[in-house]
Student: 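Mind having a look at this structure? Questions to follow.
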Protein chains: 2
Amino acid sequence: MPKPSATKKPAAKRPQKPPRRGVADAAQVASGKAARSRRTQARILDAAEELFSHHGIYGVSIRDIADAAGVDTALLHYHFANKDGIYEAVLLRRAGEINTARTRSLDDYALACAGKPSIEGVVRAYLQPVFERLRNGGRGFNNFAALIALANNTELWGGGTVKEYFDPSVQRLIELLRLAMPKAREADLYWGYQFLSGALTLSYSRNDRIKWLSHGQCRANDYAAIEPRLVEWCTAAFRALGARR
Amino acid sequence: MPKPSATKKPAAKRPQKPPRRGVADAAQVASGKAARSRRTQARILDAAEELFSHHGIYGVSIRDIADAAGVDTALLHYHFANKDGIYEAVLLRRAGEINTARTRSLDDYALACAGKPSIEGVVRAYLQPVFERLRNGGRGFNNFAALIALANNTELWGGGTVKEYFDPSVQRLIELLRLAMPKAREADLYWGYQFLSGALTLSYSRNDRIKWLSHGQCRANDYAAIEPRLVEWCTAAFRALGARR
DNA sequence: CCCCAAATTCATGATTCGATCAATAACCAC
DNA sequence: GTGGTTATTGATCGAATCATGAATTTGGGG
């Protein structure tokens with residue numbers, strides 16, 4: 001019983017709460033009650049992010065999160081109403097940021113190429129923001145990415161709230177690819193994205209099978225090795241797919 | 001708490017049990033106690049396979065499986081000792097079959113091409129058995145595939161028992177690719193497999209986001225559309241990756 | 001300094017979960 | 001049939017789960 005705990009939402013008793021400013025800025029050392037509260041929420045979300053990314057939403061109990069964050073379980077309910085609320089908050093905290101970055105990167109490239117995009121340029125512009133954050137975003141972003149990878153193979157994905165955050169950047173990607181491959185069929189662009197997405201997703205997942213398969217030659221999260229190869233891979237593949245008669 | 005319930009395995013009190021012949025053959029209508037028992041186990045595994053593929057191992061309770069299979073929960077413990085036992089049995093039931101089929105398909109191709117494999121031929125031979133089963137294997141195999149997709153983004157994947165079933169066919173794939181691309185670097189072959197694997201995995205997962213992205217033009221599990229495109233995609237991509245200086 | 005509201009903890013309830021044990025039903029050998 | 005073994009059920013335990021409401025602390029405004 002997957003427990004659709006969202007059905008009877010306990011009404012999130014959290015009172016009014018100031019305009020709900022970004023919860024994300026954890027490192028802040030400001031004082032004051034609100035700042036302290038925001039820091040606590042960030043600690044909770046950090047813990048939840050890590051645990052969820054390892055064991056999935058059903059593999060983690062509210063107690064686990066509370067213990068990892070060093071607070072009482074009731075506090076989680078106070079801030080996020082219920083478990084689903086925590087899960088959603090974890091996703092929303094970063095989903096917007098990464099996707100606006102993607103869209104911006106694509107827009108920048110569209111300008112720079114003066115209306116004549118290349119497949120390689122588009123693919124690179126789409127991938128760059130993620131890999132930059134995977135390399136420099138700290139453990140937090142890597143946990144988030146692994147969680148996305150986990151959630152990505154679920155039916156719930158795509159219909160949820162996250163959809164509206166991720167979709168625009170993908171549509172922008174498709175748009176530019178259409179310009180780069182005018183002869184390609186519409187459907188092939190989407191299938192290409194699907195294949196790209198699968199490869200990318202597996203790249204930042206927690207699956208390190210390649211390490212064993214390659215007898216240690218490749219390490220799963222060696223993003224410096226992955227990014228250029230994935231760009232080459234998808235570029236050539238899109239070109240072939242676009243040449244279908 | 002991810003509950004490593006495998007730690008104290010309740011010793012599977014199931015007594016001696018005949019030589020443990022293939023549990024897989026469910027449709028059998030043979031009579032007799034043993035046959036009946038095997039059919040029951042198959043029903044249990046079918047139910048577990050479906051539920052696990054939807055909600056993951058932690059999202060399903062033993063009671064859920066028992067209800068879906070129409071038996072008492074105690075019976076699950078009798079046959080499979082504990083929850084992990086059920087999960088493992090679900091995986092093992094099909095893992096061997098699909099991977100020997102893959103290896104056989106690759107071996108057949110290696111013979112047919114007389115020592116001069118092409119990238120496309122190798123990729124096609126590797127993918128063919130899966131897609132054939134996805135199209136004709138009934139709901140059972142599709143559930144299994146979706147479960148694999150789910151498990152594939154977990155750290156536990158690769159170290160488990162399943163590793164030994166999946167690895168040989170992959171190594172055979174790499175071998176043949178090495179012949180097809182003599183100049184390619186070793187590491188690039190493994191990275192290429194990683195990208196292929198990600199795309200393939202997403203293809204049979206329960207993620208139907210492409211349907212929405214493409215406004216209905218593409219349907220996630222339209223394997224007749226996916227297989228040829230994925231072959232083209234990977235072929236071109238491997239060729240490019242193998243041409244790295 | 002004091003009070004109010006927000007943030008946090010403490011104690012607890014109801015439910016579900018995995019697992020076990022004894023009891024029954026089905027089957028087979030004799 | 002009868003006896004013995006295997007397969008299956010019924011009842012139940014203890015632990016863990018999500019959630020709630022009452023207490024307690026914390027911080028800032030008057």
Side-chain angles (χ1 to χ4, degrees), chain A residues 1-21 23 30-44 48 51 55 57-67 69-87, chain B residues 1-21 23 30-44 48 51 55 57-67 69-87:
Chain A
M1 172 211 235
K3 224 185 268 176
S5 101
T7 33
K8 64 165 177 179
K9 184 178 288 183
K13 72 182 150 196
R14 123 188 50 134
Q16 58 269 29
K17 196 79 143 315
R20 198 85 169 89
R21 283 169 306 191
V23 178
S31 71
K33 186 150 49 172
R36 176 188 166 88
S37 169
R38 257 178 288 132
R39 251 176 297 149
T40 310
Q41 292 186 48
R43 278 218 329 278
I44 295 174
L51 288 171
H55 313 292
I57 181 169
Y58 299 122
V60 176
S61 74
I62 283 196
R63 233 188 185 81
D64 294 334
I65 302 173
D67 288 350
V71 298
D72 192 277
T73 68
L75 191 55
L76 307 202
H77 287 102
Y78 175 77
H79 281 301
F80 305 104
N82 56 26
K83 196 175 172 182
D84 288 348
I86 302 173
Y87 188 73
Chain B
M1 170 208 224
K3 225 186 270 179
S5 100
T7 33
K8 63 164 175 178
K9 184 178 290 186
K13 72 180 150 194
R14 123 189 49 136
Q16 55 271 25
K17 196 77 140 317
R20 199 83 169 89
R21 283 168 306 189
V23 177
S31 71
K33 185 149 55 170
R36 176 189 165 89
S37 169
R38 258 178 287 131
R39 250 175 297 146
T40 310
Q41 292 184 48
R43 276 217 331 276
I44 295 174
L51 288 170
H55 314 292
I57 181 169
Y58 299 122
V60 176
S61 75
I62 283 194
R63 275 187 171 79
D64 295 333
I65 302 173
D67 288 351
V71 298
D72 194 276
T73 69
L75 191 55
L76 307 202
H77 287 102
Y78 174 76
H79 281 302
F80 306 104
N82 56 28
K83 193 175 175 182
D84 287 349
I86 302 174
Y87 188 74

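Chain letters run A, B, ... following the sequence lines, proteins first, then strands; residues in each count from 1.
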Student: Measure CD1/Ile44(A) against P/dT8(C) and give the value in whole Å, please.
Tutor: 7 Å
Student: Return the value, rounded to whole Å, for the distance between atom CZ of Arg63(B) and atom C1' of dT16(C).
Tutor: 7 Å
Student: Nearest whole Å is fine: how far is dT20(D) P from Lys83(A) NZ?
Tutor: 15 Å
Student: Say you draw a straight line from CG of Asp67(A) to CZ of Arg63(A); how long is it, rounded to the nearest 0.5 Å?
Tutor: 7.5 Å
Student: Take atom CD1 of Ile86(B) and atom C1' of dG18(C), then tell me their distance rounded to the nearest Å.
Tutor: 10 Å
Student: Look at the side chain of Tyr78(B) and decide which nucleotide, out of dT9(C), dG18(C), dA7(D), has an atom nearest to it.
Tutor: dA7(D)
Student: Using 0.5 Å steps for rounding, measure from the CG atom of Asp72(A) to the OH atom of Tyr78(A).
Tutor: 14.0 Å
Student: Report the distance from atom CZ of Arg38(A) to atom CD of Gln41(A), rounding to the nearest 0.5 Å.
Tutor: 9.0 Å
Student: Using a cut-off of 4.0 Å on non-hydrogen atoms, how would the nucleic acid contact of Leu75(A) be classed: base, sugar-phosphate, or nothing?
Tutor: base
Student: Can you measure Leu76(B) atom CG to dT20(C) atom C1' for me and round it to whole angstrom units?
Tutor: 14 Å
Student: When you measure from the side-chain N and O atoms of His79(A) to the phosphate of dT8(C), is any distance below 4.0 Å, counting only OP1 and OP2?
Tutor: yes
Student: Consider the side chain of Arg36(A), meaning its heavy atoms from C-beta on, and name the nucleotide among dA19(C), dT9(C), dT8(C) that approaches it most closely.
Tutor: dT8(C)
Student: Counting just side-chain N and O atoms, does Ser61(B) come under 4.0 Å of either OP1 or OP2 of dT16(C)?
Tutor: no
Student: Rounded to the nearest angstrom, tell me the gap between atom CG in Asn82(B) and atom C1' in dG18(C).
Tutor: 9 Å
Student: Side chain of Asp72(B), heavy atoms from C-beta onward: which of dT9(D), dG18(C), dC10(C) has the nearest atom to it?
Tutor: dT9(D)
Student: Would you compute the distance between atom CD1 of Ile62(B) and atom CD1 of Ile44(B) and round it to the nearest 0.5 angstrom?
Tutor: 10.5 Å
Student: Would you say Thr73(B) reaches dT9(D)'s phosphate, i.e. side-chain N/O to OP1/OP2 under 4.0 Å?
Tutor: no
Student: In whole angstrom, what separates Phe80(B)'s CZ from dA7(D)'s C1'?
Tutor: 13 Å
Student: Would you say Thr40(B) places a side-chain N or O within less than 4.0 Å of OP1 or OP2 belonging to dA7(D)?
Tutor: no
Student: Roughly how far, to the nearest 0.5 Å, is the CG atom of Leu75(A) from the OG atom of Ser37(A)?
Tutor: 8.0 Å
Student: Does Ile57(B) or Lys33(B) map to a spot on DNA chain C nearer the 5' end, using the closest nucleotide for each?
Tutor: Ile57(B)
Student: Without decimals, in angstroms, what is the distance between Arg43(A) CZ and dT9(C) P?
Tutor: 8 Å
